[in-house]
Structures are given as structure tokens and as C-alpha cells.
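Notes to accompany the following structure.
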Amino acid sequence: MTTLGIPETSLVVLVGVSGSGKSTFAAKHFKPTEVVSSDFCRGLVADDENDQAATKDAFEVLEFIVGKRLELGRLTVVDATNVQPGARKSLVALAKAHDVLPVAVVLDLPTGVSVERNAARADRDFGAHVVKRQHDQLRRSLKGLKREGFRSVHVLESVEEVESATFVREKLMNDLRDQHGPFDVIGDVHGCRLELEELLAELGYDLVRDDAGRPVDASHPDGRRAVFVGDLVDRGPDSPGVLRLVMGMVAAGHALCVSGNHEAKLNRALGRRSVTLTHGLERTMEQLDAQPAEFVEDVRRFVDGLIAHYVLDDGKLVVAHAGLKESYHGRASGRVRSFALYGDTSGETDEYGLPVRYPWAEDYRGTAMVLYGHTPVPETEWINNTLCLDTGCVFGGALTALRYPEREVVSVEAREVYYEPVRPLAPPPRDPDILRLDDVLGPRVIETAHMGRISLREENAAGALEVMSRFAVDPSRLAYLPPTMAPCDTSALEDHLEHPAEAFTHFARTGIDQVICEEKHMGSRAVVLVRRDATGVIHTRTGRSFFDAEIEANLLAACARAADSAGLWDELGSDWVLLDTEIMPWSAKAIELIRSQYAAVGAAARSALPAALDALHLAAARGIDVDGLSARTAQRAEDAEAFTAVYRRYSWPVDGAEGLRIAPFQVLASEGTTYETRDHAWHLGLADRLVEADPALFTATRRLVVDTADPASVAAGVDWWNELTADGGEGMVVKPLANLVRGPKGLVQPGVKVRGREYLRLIYGPDYTTPANLSRLRNRNLGHKRSMALREYALGLEALRRLTTGAPVWQIHECVFAILAMESEPVDPRL
């Protein structure tokens, strides 16, 4: 039996003359989906697998399919003669382009066998001379296959060898997906042995020392393993001591280690190759000169055997010295190794003479956590699920590790500056109030405390930038934008599109028993930031100033007085408070919308439909059967009157600040504190105190607590909604009483809106209640809207968290901007 080893992710190129049995061989050893045959591709393009005139087009199709499979990391087998170097060259290039290993399997059978097989096949009409020519080409190629770029070459020289061959799919050396940790990933050590000992002790490892007192191993009582990101050596005081410890841990199975660029250079130096002794290598070589020759040889073997990156824990964790972009995870090629060792460099140098590196982490969108070092940073900072652990210990910074999967950073301070950095560890401090275009442009990923990573599309950011730059209030005063509100499930009742029963069922399924129903005021959503000194801002849900300066100043002064009278400043321990509110009447902000859209529709309908009814009555008087048309027109006239009544309900005249009403329903934040964990009864209680303090300005939000597990309580909630909406009221919002709630699948919707049957005429049109229209409207795609509501909610909470923890304006604005950008996502605006 001949056992052939091939990497699990590879391109297997079968090489053999026509009739050597490649297709039979491939069908025996590989899945049908893994084999891409040139004959099959001829059939695809020419309806004839033997049409040699279609060969060029067939191979274009073949290489396209192969490329797509390799892009997805699928083992792929090419079934073609491949006896000519030109045919193999393009396949090797495909493998390299997708960073997989090319393997050649050669079926070098005697020509007589192939000639005999071809003669027995009716679809082969070429002579023996063709097979002999192919065999000559194959033989001339054999010695050069490795030089062509094939990582391994397997040659089968007889029918018996072909028949007895078996394949073993071998994991790549970087594939440790079956190892799940927990791990402690340690940044660049650079010869700082004492700090490494201290860090291992801090992480809970027990050091093992030899007879000379030197650390030679360290194990963790809970079975944790250390993972070193490379650059163990150079610059520091004891590179041999660090190597002795790490080599012992790796040999004992207590640690893993990837190569850093300094290990790669040390390997060349120990291999007697030409190396310039710079960047601390000269210190390491001097220190190794004082060590026994057998230890130095052990070091040489160790650094020579280090690989560039590991993929761990089912692909959830990747460790590489300089980081690794997603398309390189688990791949094997020279450029993957180069990226892992040196990062993504431009080939240029900066003012310090160091390589200019592209910020690959800012564009990273992978699901795997990537931990790395290489470029020292003053402090660790998560960037798109990546973390640099090189905090410049040898330069006087710290030696840092990350506990995985806990995501806990552990550091020990350097005992001294062992090596002066060429480039300062910390970049010049950034002005916290200055915004930059690259903070918001392009595709973005924002880390949030409550929902992890949230992605932002590039095209959406461009639209938000237009609004923010032209219309929004000063970013220093724009700390929060309200999220969109998720709609309830479509009602099962024939004459309703939305009904509270679905909202109660939604929360009951999530395991939430206590919900609060809050009256939905028909006004305009507004965020009110008011300070004790009567300054602040009132802005819309898109960040625009709600009023002119005079009206805003008058309202803020009234809000500050009410907060003072209600005792809010002392109770919250703050000189400012941020409120989520509704400002009424709707016409105060939407008067142009009402005039141009709603009033125009209502006026046209009220003018045209009565005249149409009069004409139909005259027709009926002449004996014409228009009963059906008359009934439909009468219903349309009635619907038009109902439509008009709805928008008139939310319009009344105001004079400056006189006539305006504010309905606060949530306290968002105050000095150093956010309030999403306070239940809604607490929030509405504070709102009620503002109403008591100034009933002419503030309006109370009616509410009802419902137990979703109690049918009587649910029925009471439905009745209350019917009362709210009977004469055109907008409806209510159903929220978990506890406020912020996490379920088995993550964040639970903070609120679900249930709009009234008559109010929905404004959204879907006067005639939406006809059976035909209702039937059509029931097919609403709610999933995207709900997803957007949750993401905006998490971003809003993150903005508030950053605000109250003293983050710079640009970091707060990143979240606020993202919420506005999400409003550009393609979703039905009526939902």
C-alpha cells in the first residue's frame, strides 16, 4: 500500500497521459465535488467532452471554478493531463494566489497500458503517437516539478501502485483548531526575563527552575497554556534566559510560540547566513556566545521550527506576530508568512527610518479574534476584534498578556528602560475635541459594550456625513441619537395591521413577564440636554437643532427651573441631565410635511369624493346600476374624513415657546452615570415630578404594567390600547419593565410599538383598511427593521457610556454618527 499525504487545504494537480486512469483514480479517492475535470468543463462549454476546439474556453471555466473553491479554502483536485509546464504553471499560480499548497500526483504508467485503454474506448479516436508524445512531455517534467512550485510530488509508476494508493489528509502545521485553551497570550518579551517571570506568576503559573536556579518551565494548575506572539529575543538583558524558559514550556506542552521577525533573523544568523547585526541582534549574539554550544544548537533548532501563525479554538482565535488579515487565516504561503512576521508594509520608511506599515486592523472584519504584537503601543486597544499585546516592555513600558477567552488584560511594568526606542511609544496626543474624516468614513466596525461589534456600511456613512456636516448641532453637544423603534408582529385579526396581543406574545416568548405599556405621544422625538445654569441643547432624532436660539433658550430655562424644583440636581448628583422626550404638537416641527403631504391628500379627497358621490346618485336616479361603485366611493369619503381627523388631532397653534409641550419618558444620563438598568417606573416617576413642577410645559406619559403570563392582565392591556386609539390616538410602546434586558440570544428589543388602527392611515394611506389593501400590507419584512433597532439601541448605549466615562468627543461622535448612518439602510420607512 502506498500512502500519499496531502494537506487538508491544498490544490491537487493530477498529472498523467490520456488513458492513465486519472478520472477513475480521482473518483476513487475524492468526493465528486472536489474534482474539477477538464473533460467535464469541455462538456459545459461545447456539449462534447472530447471537443478539443473548446479546450481554451474549458480551461478558463476550470480555473474559475478552482479559484472559487480555493478562495473558500476547499481541497480541490484538477483532473487533466497537465503534462505540459504551461498547463501546470497557471494552476500553481492559482494556488499561490489563494495561499494554498499545490501538490502534484503523477500517474507515470507504461505507455502500453494507456494505449491499450484508449483503444478500448469508443470516444478516443487518436493514435498511440499522441500518448507517447504526452508521456515524453511528462518524463521531461518530472525532475522540475518541485522547482515549478509544487510543495510535494507523488509519483506512481505502476498499475499496482495506483491501485494500492491511499490518501491521508494532513492538517497544516498552523491548524490547531482542535485546541480550545484556555490560553494566556503573551506579547513581545525581547529578552526581559524578569518581567516574564513576574507576568507568568501574575497569571498563576508555577515556575520550574534547574539546579542553577534558572527558570526552565512553567505550568498552570488549571491547565491553561501560554501562547507567545514571538520576538522573544533581542534588545533586552537576557534573551538566553527567555529562550530557556519558553523552550522548556513548549517542550513540556505548557506553551505554544509563533515566530517573530527577530526569531527569523536570529535563525539566519545561527545558520551562518549573511545578517546585519542591528536592532538588538548584536546583544543576543553576544549573550549566546557565553552559552554552551549544545544550548545554542537547541536554540537554532527551536527558532528554525517556529511557524508564522496558529489558528486555535475552532477558528475563533488567531495568533500571529504582526497580525493577520482574514483571508490568510489557516493558509500557507510565503506572503502569508511575510505578513505574519512583518505586517502589511508599503516598502517605504518613516522619519525614524522604520518601515511604514498599513493599519490592517482598521479594515479587519473577520469573526476570529486576532492577537499579535510587533509594533509597540502604549496601551492595549481593541480594534475590530484584534488586539496588539506589544506594550514595549524592553523600552520601559510593560509586558502584557491577554487571558482567553475571558478577554482580560494582565500587565506588569518594566523594571527599567533596557533599550531606547527609535520611535516614541506613544504618538502625539490627539485633541479630544477635534473630529477627523477617517473617524467616520469608509466601512467601520464599532465595539459596543452590550452588542459586541457592529458593522457600518461605507455608503451609509457617506449619506450621514452630508447631514452631519451641513445640518447637525455642534458634535460636542450631540451625545446621543434615539434608536428607531421596532414594530410588533403583524396582527392575526382581519381588520388590524397592528395589535397589542402580538407585542405581549413577543415578550412572553422571550421570557419577560412584566412589561410596561407607555402612551405613544404624537409629536416629534427630541433629546433634551439641560444644565443647571439653563444652557444645553434640544435636537431632533437626526441631530438637527429643534428650535431657533430664542425658543431653545426659553425652553431650557424652563426645564432647568423644573428640574431644580423637582429636586433632580441633588438626587442625580449632577449639574446636567440628558432626557429622551417627545415634543408636541407634531405641527411644531412637521407643519410643512402636514401642509404638503397630509393636508393636500385630505383636501383633494374631501373635494373630489363628495362630487363623485353626487354624480353617482344622479346616475342611479336614471336607472344605472352603480350601487357597488357608490358604496366604495362612500367608504373612501368616510376614510378620507378619518384620515383628516387624525392629523388635525396633532396640530395646534403655538406662539414661540407658548403652546409647546414636552413629554419626557426616559432619563438617559447625568454626570458619570447612565440609567438603562433602572426600571421604567423609576424613569417615569422622575418625569412625573417634572410635570408636577411645571404642568404648563411638561406632559405626563400614561402607562400600564401588564403581566404577559396573566390572561386577565393582557386583556386589560388590550382594552387600554383600544381606549388610547379609539379616536385616532397613535398607540403605545410596550417595553420590558426592567428596561435593559438580555435574553438567550443577546439584547432584547427595548421597546415594540403598537400603533392604532386609525393612526395608521397617516402611514399607509386613507384606504389601507380595505380588505385587499390589508391583505397586501400583511407581508411586511420586519426582520431588518428589528435588527436595525437593536443595533441603534446598542450604539446609543455605547455613546452614553463613553460620554459618562469621559471619553473624547470623537469617540462619542463615532457612535452617534453610526446611528444616523444606519438610518440610510434600505428599510420600509412605514414600519
Side-chain angles (χ1 to χ4, degrees), residues 379 381-383 429-436 439-440 444-454 456 464 467-468 472-484 525-546 552 556 559-560 563 568-569 571-581 664-678 682-683 686-687 739-740 747 750 789-823:
E379 293 181 354
E381 178 186 3
W382 285 102
I383 302 175
R430 176 177 173 179
D431 187 328
D433 297 328
I434 297 298
L435 308 183
R436 297 193 309 223
D439 291 334
V440 293
R444 311 289 300 170
V445 174
I446 299 174
E447 290 281 348
T448 65
H450 293 290
M451 204 175 181
R453 304 161 72 223
I454 296 178
L456 183 66
V467 174
M468 282 287 189
V473 301
D474 189 315
S476 64
R477 302 193 300 159
L478 185 60
Y480 179 81
L481 289 181
T484 189
R525 191 79 170 265
V527 175
V528 178
L529 170 63
V530 59
R531 297 187 177 92
R532 192 194 289 259
D533 64 3
T535 62
V537 66
I538 303 175
H539 63 76
T540 69
R541 69 178 308 271
T542 58
R544 307 176 191 220
S545 185
F546 206 104
E552 181 181 77
L556 288 172
C559 289
L568 262 59
W569 305 127
E571 180 170 335
L572 301 179
S574 175
D575 288 334
W576 61 268
V577 64
L578 192 65
L579 301 172
D580 204 351
T581 76
F665 53 86
Q666 187 147 346
V667 182
L668 297 168
S670 64
E671 181 69 37
T673 309
T674 61
Y675 298 100
E676 67 275 5
T677 57
R678 298 287 189 97
W682 178 87
H683 287 269
L686 261 63
N739 206 342
L740 176 71
L747 276 182
L790 269 180
R791 285 177 286 147
E792 290 185 6
Y793 176 53
L795 285 165
L797 294 179
E798 181 64 20
L800 295 175
R801 185 191 69 79
R802 296 182 183 187
L803 170 71
T804 56
T805 55
V809 169
W810 66 270
Q811 289 187 353
I812 302 167
H813 185 69
E814 177 185 43
C815 302
V816 175
F817 184 92
I819 295 170
L820 184 60
M822 281 193 178
E823 291 295 310

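Keep in mind it's a predicted model, so treat the numbers as computed, not measured.
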*Donor-acceptor pair, side chain of Thr535 and main chain of Arg531, under 3.5 angstrom*: no
*Taking every non-hydrogen atom, the tightest pair across Gly543 and Leu478*: CA-CD1, 3.8 Å
*State, to 0.1 Å, how close Leu790 and Pro750 come at their nearest heavy-atom pair, and which atoms those are.*
CD2-CD, 4.2 Å
_Donor-acceptor check, side chain of Glu552 to backbone of Ile538, threshold 3.5 angstrom: yes or no?_
yes
*Is a donor on one side and an acceptor on the other found under 3.5 Å between the side chain of Glu447 and the backbone of Ile383?*
no
*Would a distance-only check, ignoring hydrogens and angles, find a side-chain to backbone donor-acceptor pair under 3.5 Å from Arg477 to Gly536?*
yes
*Does the side chain to side chain contact (heavy atoms under 4.5 Å, CB included) test come out yes or no for Leu481 and Val527, once each step is laid out?*
CA-CA 7 Å; Leu481 289 181; Val527 175; 5.8 Å; no
*Under 3.5 Å, is there a donor-acceptor pair between the side chain of Thr674 and the main chain of Glu676?*
no
_For a quick test of reading the model, state the closest non-hydrogen atom pair linking Ser670 to Thr804 and the distance between them._
O-CG2, 3.6 Å
*Does the side chain of Arg678 reach to within under 4.5 Å of the side chain of Val667, using non-hydrogen atoms?*
no
_Which heavy atom of Ile819 sits nearest to which heavy atom of Pro482, and what is that distance?_
CG2-O, 4.1 Å
*Got Val816 and Met468 here, is their nearest side-chain heavy-atom distance under 4.5 Å?*
yes
*Can you name the nearest heavy-atom pair linking Met822 to Glu792, along with the distance?*
CB-OE2, 3.5 Å
*Any side-chain heavy atom of Phe665 sitting closer than 4.5 Å to one from Asp580?*
yes
*Distance-only, no hydrogens or angles: does the His683 side chain make a donor-acceptor pair with backbone N or O of Tyr675 under 3.5 Å?*
yes
*asked:* What verdict does the side chain to side chain contact (heavy atoms under 4.5 Å, CB included) test give for Thr677 and Asn739, after you've listed the backbone C-alpha separation in whole Å, the side-chain angles of each residue and the deciding distance to 0.1 Å?
replied: CA-CA 6 Å; Thr677 57; Asn739 206 342; over 6 Å; no
*asked:* How close do Ala818 and Leu795 get, counting heavy atoms only, and between which atoms?
replied: CB-CD1, 3.8 Å
